[in-house]
A.B. asks: 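I'd like to ask some things about the structure below.
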Protein chains: 2
Amino acid sequence: MAQAPISRRVTLRDIAERAGVSVSAVSMALSDHARIGEQTKREIRAVAQELGYVTNSAARALRAQRTGTLALVVPNTGQHVFNHPYFMHLLDGVNEVVNEVDGTLLISTNPDERHGVAAYERILRSRAADGAIIASAAADDPGVLRLLDSGVPVVLVGHYPRIPDAVAIGVADVDGGRAATDHLVGHGATRIATITGPHNHQTSIDRLEGFTRSLHAAGLEPVGIAEGDFGEESGRAATAALLDEHSDMQAIFVANDEMAYGALLELRARGLDVPGDVRLVGYDDFGVSRLTTPALSTVTVPAVDVGRRAARRLLDLIDRNVPEPRTETLPVSLTTRASCGC
Amino acid sequence: MAQAPISRRVTLRDIAERAGVSVSAVSMALSDHARIGEQTKREIRAVAQELGYVTNSAARALRAQRTGTLALVVPNTGQHVFNHPYFMHLLDGVNEVVNEVDGTLLISTNPDERHGVAAYERILRSRAADGAIIASAAADDPGVLRLLDSGVPVVLVGHYPRIPDAVAIGVADVDGGRAATDHLVGHGATRIATITGPHNHQTSIDRLEGFTRSLHAAGLEPVGIAEGDFGEESGRAATAALLDEHSDMQAIFVANDEMAYGALLELRARGLDVPGDVRLVGYDDFGVSRLTTPALSTVTVPAVDVGRRAARRLLDLIDRNVPEPRTETLPVSLTTRASCGC
DNA sequence: TTGAAAGCGTTACCAT
DNA sequence: ATGGTAACGCTTTCAA
């Protein structure tokens, strides 16, 4: 049990004593306050440098009532709802902004509900972060509502029609579903099915809405609608179910790429060619889609940009600037590869 | 600029006044200290509950000289050295342990070098975290050495022969390289090449070492050794170069799956069949390998477990328990799919 | 131009 | 069994 040789921490007082000035002079010098003489500042900074001074963040936070930390909250990670690649991209974007403002980034996931009070509630109310970005919460998560009520600065990622006054940043999922389906129609398909995500996620609802609108505009009816959970296996199972009931199906719009990959496996297992027998369009474009054979046509979601914007809005909120309009919706774009028949 | 109705924060003092006791009584009651009467405790807790009290983490950290926060540091994220899936898995494992101990997790990446002092140095020295897990640092990163010197609790992820007294947790990359190559040899290949990662990463060095040892044990010589950067494009380029020089090559051991995917593309572009003409084994098994056609045989790295163990060791270190031995090496396993010819 | 002191919310020690 | 108080390191107001 050798005691690690922890370097004694250097405080403002140490610098003050060494430089022969007061603690407050040091504080002001280091924050470049105007009232300290240039010469004195230089000396103080030299001493600070020499001693290797670094601000103690707890003390600063306590005094300033602000931590300089943003929290990125991901409910239900363990359940693999909305899976990894999406989160990574979001994280990239958030992190970029946090670094720009020299802040720190705290990650909170809620693997299961065993903690009664959700982990993110604890974090925010303990003031460990100045605010939070909440990613991919279920549309009806009560924890989210409580958090919003408590007045803590919160930015939601996604589209929450039932919480209209929340600050949220989402993507145009209705448009995306519509564009994907339009494209399938454009290829001449008339018997088109869809595999959706879980119905308690607004994302699923919106993508389905786009699908339905597209078909109606074309005077078509959906051949089948199957629900998945955004995981590969569920996509495979949904495809099997659709195929069993509608052997004449010509195309499927799948609400994310993981499930589309499952669909690909099932179609291949049945000896059906993609896109020869069945055309496929997925959704997300987080890497998986590039790798499959055939490569998936998909709707590209600008997740990194979502992260960036969410972080910027959160910083605004923390500064008590409520952005108007409160919700922002980023456009998506269709990326055609091989699976649609292009 | 409507002022958000921030709920006034509740402090110990508020509870004390309301309950008609002292602040210290409240503090002790809430931490279940033995000196407070059961009845008093109950009353105090009731008031705390009613007022919605939550400990202020800055104040607690300042007082206790401990934050309850672990930092996960990823140098060079922006440069795509060691890319996303690996990091995600590590994060999963670390997060799991952090949740177990009711801690918080702070993420720090260093997108570029513009901050002179690396972001992670700032974070640790400011005592924003009690310690750090450093993932995938270059073997010679000076920031890492400075951090270790400064006595901050640090666990390195990987294998660092040049820093023997550091606490580190790695995987058996030499074994992995050897197992992969042995397997290729077992398939009857004699003209075998390898594509390595960047030579300043110990991981690359170790995987190559395993490759070389395997060949020597079999009485073979490497047909070619090309260096990549762990990215898909570099794998493709390396494969092209190898193919140009050694058209009789029968197999390639590729040091990660992303590069192996690049190799697959190049081989396909030249009309060569995998595994018919060239056998391929990759490394990592973070998802990509399942999706390619043919599916990649690869060395499975237990990244989630690495994250878990790194976090546990870091907690030990913070408690001043230096684990012995200081370095731990987790075994890897070969996962055979189609690309090797199985 | 600079110094002294108060206070941010906790915890722990010394009294009572 | 409980209350008062000092201290953690910092920022800022008030004096000088």
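Naming: A, B, ... by sequence-line order, numbering from 1 per chain.
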A.B. asks: Starting from C1' on C/dC13, measure out to CD1 on B/Ile36 and report it in whole angstrom.
C.D. replies: 14 Å
A.B. asks: When rounded to the nearest 0.5 angstrom, what is the spacing between CG in A/Leu72 and CG in A/Leu106?
C.D. replies: 9.5 Å
A.B. asks: Check the phosphate of C/dG9 against B/Arg9, side-chain N and O only, distance under 4.0 Å to OP1 or OP2. Yes or no?
C.D. replies: yes
A.B. asks: Mind checking if B/Val21 touches a base, just sugar-phosphate, or nothing, with heavy atoms under 4.0 Å?
C.D. replies: sugar-phosphate
A.B. asks: When you check the phosphate oxygens OP1 and OP2 of C/dT11, does a side-chain N or O of B/Arg60 lie under 4.0 Å from one of them?
C.D. replies: yes
A.B. asks: Counting only side-chain heavy atoms from C-beta out, which of D/dC10, C/dG9, D/dT13 sits nearest to A/Met28?
C.D. replies: D/dT13
A.B. asks: Enter the distance from A/Tyr160:OH to A/Thr327:OG1 here, rounded to the nearest 0.5 Å.
C.D. replies: 12.5 Å
A.B. asks: Atom CD of B/Glu38 to atom C1' of D/dA1: distance rounded to whole Å?
C.D. replies: 13 Å
A.B. asks: Would you tell me if any nitrogen or oxygen in the side chain of B/Ser22 comes within less than 4.0 Å of OP1 or OP2 on D/dG3?
C.D. replies: yes
A.B. asks: By the 4.0 Å heavy-atom rule, please label A/Arg35 as base, sugar-phosphate, or nothing.
C.D. replies: base
A.B. asks: Has the side chain of A/Arg63 got a donor or acceptor atom sitting under 3.5 Å from an opposite partner on the base of D/dT11?
C.D. replies: yes
A.B. asks: Please evaluate the base of D/dG4 for a donor-acceptor partner in the side chain of B/Ser24 within a cut-off of under 3.5 Å?
C.D. replies: yes
A.B. asks: Once you apply a heavy-atom cut-off of 4.0 Å, does A/Thr40 come out as touching a base, just sugar-phosphate, or nothing?
C.D. replies: sugar-phosphate
A.B. asks: Report yes if the side chains of A/Val167 and A/Val154 come closer than 4.5 Å at any heavy-atom pair, otherwise no.
C.D. replies: no
A.B. asks: I want to check one thing: is the phosphate of C/dG9, taken as OP1 and OP2, less than 4.0 Å away from some side-chain N or O of A/Gln65?
C.D. replies: yes
A.B. asks: Is it true that A/Arg66 and A/Asp319 have a side-chain N and a carboxylate O under 4.0 angstrom from each other?
C.D. replies: yes
